[in-house]
Protein chains: 2
Amino acid sequence: MAANSRLTIAAHALAWLALAHRRGEGVLTSEQVAASVKSNAVVIRRSLGELRRAGLVEVRHGAGAGWSLARAPEGISLLEVHDAVDGRPPFALHHSEPNLECPVGRGIRPALSGVYGRVEQAMRRELAAVTIADVLRDVLRE
Amino acid sequence: MAANSRLTIAAHALAWLALAHRRGEGVLTSEQVAASVKSNAVVIRRSLGELRRAGLVEVRHGAGAGWSLARAPEGISLLEVHDAVDGRPPFALHHSEPNLECPVGRGIRPALSGVYGRVEQAMRRELAAVTIADVLRDVLRE
DNA sequence: CCTAGTCGCAACAGCTTCTGTTACAACCAC
DNA sequence: GTGGTTGTAACAGAAGCTGTTGCGACTAGG
């Protein structure tokens, strides 16, 4: 159960909010989102809470409360969603510093950092090119 | 301690093997590699064992045993190394199947699969463009 | 043949992360 | 007020990664 499904959960919730808004259904509760994702309402609140801190969704408290998009779905990229819910880079360097008396140990970290940076930028470019509106369009094309 | 340093460990070991070969030092033991990575010999053997199954390194048993590259470092890309030691995709879909009675639940998985596939391909292109020889050159440029 | 040095592998502990769950305080429309 | 909802803390269970120990298998050299 290690894999990284946070972006999947968040994108699912946002697409659902976008569809509800388009249908004029107003806000959705975390229970309603959880029913579509087949997960737990607290888990959904955790994810939507991170999206709220990033300014992507809005929440209303109290009775008749619930969640809605803070912006048009065309203006929310998967890159923003990813950054909001999962800041981890795809690759990590050594956990403990390598042996600096070895020439490889001295130079390996900057060398790999360069490669890893390029990989991450490539990833971010692809995520930036897709919006929640794109996802919702694909979702409904069945 | 969750992050993914397997590619880092493997690339470090391979660069070290490439440098030893260039210096005419013959094979390296897992203890010697572990001393440079500052890790445990068994951990290194685990990593090099996966590289051996992928055909990237060779091992000699018995006394005077050790590891060496199976190919020229110019012919080993980081993509092959990555595939050998870490087959996990960067993103996962839902752990449990979403609610198929919801239009979003029905269409979300194929929609995200497409995006995730493009992200992974972009990542793989960057990794394929770098060889162990490139890494070693960068390492020694300090 | 025997020995010493090395790999292969299984088993385990400690740590971290993720998901899911329960419980309860805070909040607000009515 | 009341009822429905969010915010958050606390916890359990599962999984993965690193590090460690132990032992069998293998082989160069004497």
Side-chain angles (χ1 to χ4, degrees), chain A residues 1-10 12-13 17 20 26-35 37-54 57-68 70 82 85-98, chain B residues 1-10 12-13 17 20 26-35 37-54 57-68 70 82 85-98:
Chain A
M1 210 188 280
N4 203 358
S5 67
R6 296 163 76 121
L7 178 57
T8 295
I9 304 298
H12 185 149
L17 291 183
V27 302
L28 291 180
T29 68
S30 56
E31 281 289 353
Q32 291 172 300
V33 176
V37 179
K38 271 224 195 116
S39 173
N40 188 280
V42 177
V43 174
I44 298 299
R45 284 206 289 272
R46 277 205 281 253
S47 178
L48 285 173
E50 295 177 305
L51 296 176
R52 177 177 56 78
R53 281 187 281 278
V57 300
E58 288 170 347
V59 65
R60 243 179 33 208
H61 279 206
W67 304 84
S68 54
H82 172 259
V85 300
D86 181 9
R88 298 177 318 171
F91 301 116
L93 293 180
H94 307 67
H95 292 164
S96 55
E97 178 173 81
Chain B
M1 206 188 284
N4 205 359
S5 66
R6 297 163 75 119
L7 178 56
T8 295
I9 303 298
H12 186 149
L17 290 183
V27 302
L28 291 179
T29 69
S30 55
E31 281 290 353
Q32 291 173 301
V33 177
V37 179
K38 271 225 194 113
S39 175
N40 187 280
V42 177
V43 174
I44 298 299
R45 284 206 287 271
R46 277 205 279 253
S47 178
L48 286 174
E50 295 177 305
L51 296 176
R52 178 178 55 79
R53 280 187 279 279
V57 299
E58 289 171 346
V59 66
R60 243 181 31 209
H61 279 207
W67 304 83
S68 54
H82 173 259
V85 300
D86 180 9
R88 297 179 320 172
F91 302 115
L93 294 179
H94 307 66
H95 291 165
S96 55
E97 177 173 81

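This is a predicted model, so every value here is computed, not measured. Every chain is numbered from 1, with letters handed out A, B, ... down the list of sequences.
Distance A:Arg46 CZ to D:dC11 C1': 11 Å, rounded to the nearest Å. The distance between atom CG of B:Asn4 and atom P of D:dA15, rounded to the nearest whole Å, is 19 Å. For B:Ile44 and D:dT20, the CD1 to P distance is 12 Å, given to the nearest whole Å. Separating the CD atom of B:Glu58 from the C1' atom of C:dT6 is a distance of 17 Å, rounded to the nearest angstrom. Taking atom CG of residue A:Leu48 and atom C1' of nucleotide D:dT6, one finds them 11 Å apart after rounding to whole Å. Distance NZ (B:Lys38) to P (D:dG19): 12 Å, rounded to an integer number of Å. Atom NE2 of B:His94 is separated from atom C1' of C:dC18 by 15 Å (rounded to the nearest Å). Straight-line distance from the CG atom of B:Leu7 to the P atom of D:dC17: 13 Å, rounded to whole Å.
For the pair A:Ile9 and A:Gly62, nearest-nucleotide mapping onto DNA chain C gives the more 5' position to A:Ile9. Residue whose closest nucleotide on DNA chain C sits further toward the 5' end, between B:Arg53 and A:Gly64: B:Arg53. Comparing A:Ala65 and B:His61 against DNA chain D, the residue whose closest nucleotide sits nearer the 5' end is A:Ala65.
Between the base of C:dG5 and the side chain of B:Arg60 there is no donor-acceptor pair shorter than 3.5 Å. A donor and an acceptor atom never sit less than 3.5 Å apart when one is taken from the side chain of B:Arg88 and the other from the base of D:dG16.
Base engagement by B:Val42 is indicated by at least one non-hydrogen atom pair under 4.0 Å involving a base atom. Residue-level contact check: A:Val59 touches the backbone only, with heavy atoms under 4.0 Å from sugar-phosphate atoms and none from bases.
Side-chain contact check for A:Ile9 versus A:Arg6: every heavy-atom pair is 4.5 Å or farther apart. With contacts defined as side-chain heavy-atom distances shorter than 4.5 Å, the pair B:Val59/B:Trp67 qualifies. At a threshold of 4.5 Å between non-hydrogen side-chain atoms, the residues A:Asp86 and A:Leu7 do not count as touching.
Residue B:Asn40 places no side-chain N or O under 4.0 Å from the OP1 or OP2 atom of D:dT18. Side-chain nitrogen and oxygen atoms of A:Ser39 include none within less than 4.0 Å of the OP1 or OP2 phosphate oxygen of C:dT19. Side-chain nitrogen and oxygen atoms of B:Ser5 include at least one within less than 4.0 Å of the OP1 or OP2 phosphate oxygen of D:dT18. Contact between the side-chain N/O atoms of B:Thr29 and the OP1/OP2 oxygens of C:dT6 is not found at any separation under 4.0 Å.
The B:Ala63 side chain lies nearest to D:dA28 when the options are D:dA28, C:dG20, D:dT8. Of the candidate nucleotides C:dT21, D:dG7, C:dC9, D:dG7 has the atom nearest to the side chain of A:Arg45. Set against D:dT6, D:dC17, C:dC7, the side chain of B:Trp67 has C:dC7 as its closest nucleotide. Considering only side-chain atoms of A:Arg52, the nucleotide from D:dG7, C:dC9, C:dT19 that sits closest is D:dG7.
A:Thr8 places no side-chain N or O within 3.5 Å of a backbone atom of B:His94 that could act as its donor or acceptor partner.
Annotation: the span from A:Leu28 atom CG to A:Ile44 atom CD1 amounts to 11.0 Å, rounded to 0.5 Å. Between the OG1 atom in A:Thr29 and the CZ atom in A:Arg45 there is a gap of 9.0 Å [rounded to 0.5 Å].
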